[in-house]
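Just so we're on the same page: letters track the sequence lines, and every chain starts at 1. Since the structure is predicted, the reported quantities are computational estimates derived from the model, not experimental observations.
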Amino acid sequence: MLDSASMIARVEEILDAHKGMEGALLPILHAVQAEFGHVPEAALPVIAEALVITKAEAAGVMSFYHDFREKPAGRHVLKLCRAESCKSVGADALADHARGKLGLDWHETSKDGAVTLEPIFCLGLCACGPAALVDGKLVGRLDAAKLDAIIGGLK
Amino acid sequence: MTLKIYLPLDSAAVALGADEVAAAVLAEAKARGVAVELIRNGSRGMVWLEPLAEVVTQAGRMAFGPMEPSDVAGLFGDLAKHPKALGLTEELPWMKGQTRLTFARVGVVDPLSLADYVAHGGLEGLKRAVTMTAPEMVAEVTNSGLRGRGGAGFPTGIKWKTVSEAKGDRKYIVCNADEGDSATFADRMLMEGDPLTLIEGMAIAGLACGAEKGFVYIRSEYPVAIAVMQAALDVARAGGILGDVLGSGRHFDMEVRVGAGAYVCGEETSLLNSLEGKRGIVRAKPPLPALEGFMGKPTVVNNVISLASVPVIFAKGAEFYKGFGLGRSRGTIPLQIAGNVKFGGLYEVAFGLSLGDIVDKIGGGTLTGRPVKAVQVGGPLGAYFPRSLFDTPFGYEEFAGKEGLIGHAGLTVFDDSADMLGMARFAMEFCAIESCGKCTPCRIGAVRGVETVDRIARGDAEAKPLLIDLCQTMKSGSLCALGGFTPYPVMSALTHFPDDFAAKEAAE
């Protein structure tokens with residue numbers, strides 16, 4: 001775990017890299033999350049001060065968007081598409097299968113910290129669903145066997 | 001002799017194993033001591049054949065698919081005997097039936113090769129544009145009949161004219177690449193397969209409107225498109241498309257911005273707030289973004305496909321483009337055929353095909369082989385069409401006339417196992433999750449909608465008129481299309497598939 005002084009130092013480097021950018025808050029939040037796996041609460045006042053907005057505004061923006069996390073996710077993130085095209089080819093049954101197999105509901109992380117299960121609404125893989133995103137890797141034509149193999153590999 | 005092989009970097013191809021096939025190609029070439037040039041191109045749009053490899057032969061590009069790593073060795077032998085051989089790509093029925101104007105280069109070229117781009121007609125539009133005055137450029141777009149391909153169908157030329165004539169020390173071109181609708185992937189395919197076309201279209205928009213800065217707002221769910229667009233910006237700058245545009249003395253440059261998982265940011269005013277670093281809350285209109293958009297400055301907000309259709313309009317002329325289509329829907333539309341369908345993918349064609357021809361003839365019916373029950377046209381905010389409406393021609397007004405919309409031209413096919421009450425409930429649930437919260441009909445209505453559908457499912461007969469009333473309120477009282485159009489899937493499910501709502505009552 002990073003100590004807070006070096007975390008703040010890194011956040012300040014990110015802020016420097018975004019100086020002068022119009023509407024920089026989302027790019028900054030993305031960069032902070034890419035660095036730490038989440039947006040640490042202690043980073044928000046630093047970001048807010050640099051952008052001359054209140055901490056409440058920064059927190060409000062962060063909480064609006066599904067992508068930004070307050071806490072780190074599990075070691076692996078399994079995102080299953082829940083949108084219509086994937087539903088038309090059995091995404092609901094697959095989602096139930098995954099939830100049962102992992103013992104997790106949406107947005108939950110397994111007790112050993114291995115997997116976070118999340119819904120996603122469309123990866124643009126609508127002609128080869130059901131689709132999933134496993135730690136950033138796209139998967140199409142998912143079925144129960146493929147899903148079991150994927151889940152088995154998430155340690 | 002070097003063996004030249006094309007294999008898509010397109011997300012759909014990658015999701016079906018294209019990277020593994022690519023690795024196998026390189027390994028096989030090395031083992032055989034054969035020189036191979038592997039080009040990662042966009043997808044030809046035949047998703048059921050992905051990963052689709054193409055080998056360059058004297059007769060043309062030969063297609064093979066769907067490829068698995070074990071099929072790779074055969075590409076180094078007698079091609080005609082390869083078990084996955086499909087023939088020449090350009091001769092495949094799916095390709096021959098299309099009119100590819102916007103997608104002419106997608107799947108054909110190396111997405112990041114400017115030389116390839118120019119060799120296939122790229123930059124011809126921009127070269128013509130730099131010789132024209134701004135009003136001439138705006139008139140060209142107006143005359144082409146191009147309408148917003150994002151869904152609203154607003155005439156692109158009128159939007160450009162407003163921005164072009166607006167006073168402002170700075171103006172902006174914003175490309176809406178927040179393609180969040182299920183069944184749509186045309187923006188993604190275009191950005192992954194031919195990003196320079198979008199850049200050229202935005203540069204033309206910049207010259208026509210007097211804007212020197214552009215943004216492409218891409219959803220975070222599209223990592224491949226983001227990476228390709230970023231790389232393409234460098235290619236475009238080095239090639240003189242961006243910066244001092246083709247040495248014309250007029251400047252335009254642009255940036256890629258990444259969304260953060262909010263569906264509502266596909267709505268233009270919400271997108272502008274997000275670009276400004278705010279919550280993606282919808283703005284009331286007026287003021288129009290064309291007058292007070294990004295940072296309060298005059299701003300064009302156009303969809304990817306609208307902007308990517310601009311180069312061909314300038315290269316071949318407004319009259320050429322306008323010559324395709326029907327009624328007030330001019331030009332071509334990239335249909336995205338998705339869901340439970342045998343032949344899914346992207347099919348660019350002039351407006352006017354009937355829904356039935358698209359689903360049955362081009363799509364080949366359902367993947368499961370069961371009867372088609374419903375087709376949702378236009379994404380999560382689009383109506384469910386039953387077979388009885390399959391004669392509806394594909395056009396903006398034609399679909400509006402049937403209480404539907406073409407949206408971004410995505411079609412999700414469902415077989416007879418679909419539960420339409422469940423789909424109506426999902427539409428409300430999705431709206432509740434994604435509502436920005438600014439207006440009451442959407443914020444509260446969607447939650448009440450889920451509850452009301454649940455009451456119908458439990459057999460509460462009084463809930464049905466309540467749902468209809470709620471839909472009317474949401475439709476007329478919401479600030480934007482999220483709350484305003486969620487009633488389309490709900491009402492169409494209820495109207496066209498009453499048995500799915502009645503059967504549950506009887507079962508109670």
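Ion pairing of B/E276 with B/R257 is absent here, as no side-chain N (NZ or NE/NH1/NH2) approaches a carboxylate O to less than 4.0 Å. Ion pair B/K297/A/E22 not flagged as a salt bridge, since none of the NZ, NE, NH1 or NH2 atoms sits closer than 4.0 Å to an Asp/Glu carboxylate oxygen. A salt bridge between A/K87 and A/E84 is absent, with no side-chain N of the basic residue lying under 4.0 Å from a carboxylate O of the acidic one. Taking 4.0 Å as the cut-off between side-chain N and carboxylate O, A/E57 and B/K278 do not count as a salt-bridged pair.
Only the backbone of B/T184 comes within less than 4.5 Å of a heavy atom in chain A; its side chain stays farther off. For chain A, no part of B/V341 is nearby; none of its heavy atoms comes within less than 4.5 Å. Only the side chain of B/E429 comes within contact range of chain A, with heavy atoms under 4.5 Å apart. Heavy atoms of B/T368 lying under 4.5 Å from chain A are absent altogether. Proximity to chain A is limited to the side chain of B/Y222, based on heavy atoms less than 4.5 angstrom apart. Contact of B/E179 with chain A is not made at all, since no heavy-atom distance falls under 4.5 Å. Neither the backbone nor the side chain of B/D19 comes within contact range of chain A; no heavy atoms are under 4.5 Å apart. With a threshold of 4.5 angstrom between heavy atoms, B/C436 approaches chain A through its backbone and through its side chain. Proximity to chain A is limited to the side chain of B/M423, based on heavy atoms less than 4.5 angstrom apart. Only the side chain of B/V224 comes within contact range of chain A, with at least one heavy atom under 4.5 Å from a heavy atom of that chain. Contact of B/I433 with chain A is made through backbone and side chain together, with heavy-atom distances under 4.5 Å. In this structure, the portions of B/A12 lying under 4.5 Å from any heavy atom of chain A include both its backbone and its side chain. Contacts between A/I120 and chain B at a heavy-atom distance below 4.5 Å involve the side chain alone, from C-beta outward. Heavy atoms of B/L346 lying under 4.5 Å from chain A are absent altogether. Neither the backbone nor the side chain of B/F343 comes within contact range of chain A, judged by heavy atoms closer than 4.5 Å.
Within the model, atoms CD of B/E255 and CD of B/Q230 stand 9.0 Å from one another, a figure rounded to the nearest 0.5 Å. To the nearest 0.5 angstrom, A/E118 atom CD is 10.5 Å from A/L80 atom CG. Of the inter-residue distances, the one linking B/R188 atom CZ with B/S43 atom OG reads 7.5 Å to the nearest 0.5 angstrom.
Chain A forms more heavy-atom pairs under 4.5 Å with one residue of B/S417, B/G280, B/P489, B/G379 than with any other, namely B/G280. Taking chain A as the reference chain and counting heavy-atom pairs below 4.5 Å, the highest number among B/A225, B/A374, B/G261, B/G437 is found for B/G261. Interface remark: of the candidates B/F430, B/F426, B/F185, B/F426 forms the most heavy-atom pairs closer than 4.5 Å to chain A. Ranked by heavy-atom pairs under 4.5 Å with chain B, the first of A/G60, A/S63, A/G90 is A/G60. The residue among B/G259, B/G410, B/P223, B/A418 with the most heavy atom pairs within less than 4.5 Å of chain A is B/G259. The greatest number of non-hydrogen atom pairs below 4.5 Å with chain B, out of A/G124, A/C86, A/A83, A/S85, is found for A/S85. Between chain A and the residues B/G17, B/G277, B/A186, the most heavy-atom pairs under 4.5 angstrom are made by B/G277.
Here the shortest heavy-atom pairing between A/Y65 and B/A260 reads CB-O, 3.4 Å. Considering every non-hydrogen atom in both B/T299 and B/F294, the closest pair reads OG1-N, 2.8 Å. Taking all atoms of both residues into account, the shortest heavy-atom contact from B/M229 to B/I218 is CG-CD1, 3.7 Å. Nearest approach of B/S274 to B/C265, heavy atoms of both residues: CB-SG, 3.8 Å. Taking all atoms of both residues into account, the shortest heavy-atom contact from B/S270 to B/V282 is CB-CG2, 4.1 Å. Across all their heavy atoms, A/C122 and B/S182 have their closest contact at SG-CA, 3.8 Å.
Against chain B, the residues from residues 126-155 of chain A that qualify, each with a non-hydrogen atom under 4.5 angstrom away, are A/C126, A/A127, A/C128, A/K137, A/L138, A/V139, A/G140, A/R141 in number order.
Side-chain atoms of B/R370 do not come within 3.5 Å of backbone N or O of B/D415 as any donor-acceptor pair.
Separation of the A/F121 and B/Y263 ring centroids does not fall under the 6.0 Å cut-off.
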Q: Check step by step if side chain to side chain contact (heavy atoms under 4.5 Å, CB included) holds for A/L26 and B/Y217.
A: CA-CA 11 Å; A/L26 260 68; B/Y217 184 97; 4.3 Å; yes

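Applying the side-chain contact (heavy atoms from CB on, under 4.5 Å) criterion to B/V304, with sequence neighbours excluded, gives B/C175, B/A177, B/D187, B/L190, B/M191, B/L198.
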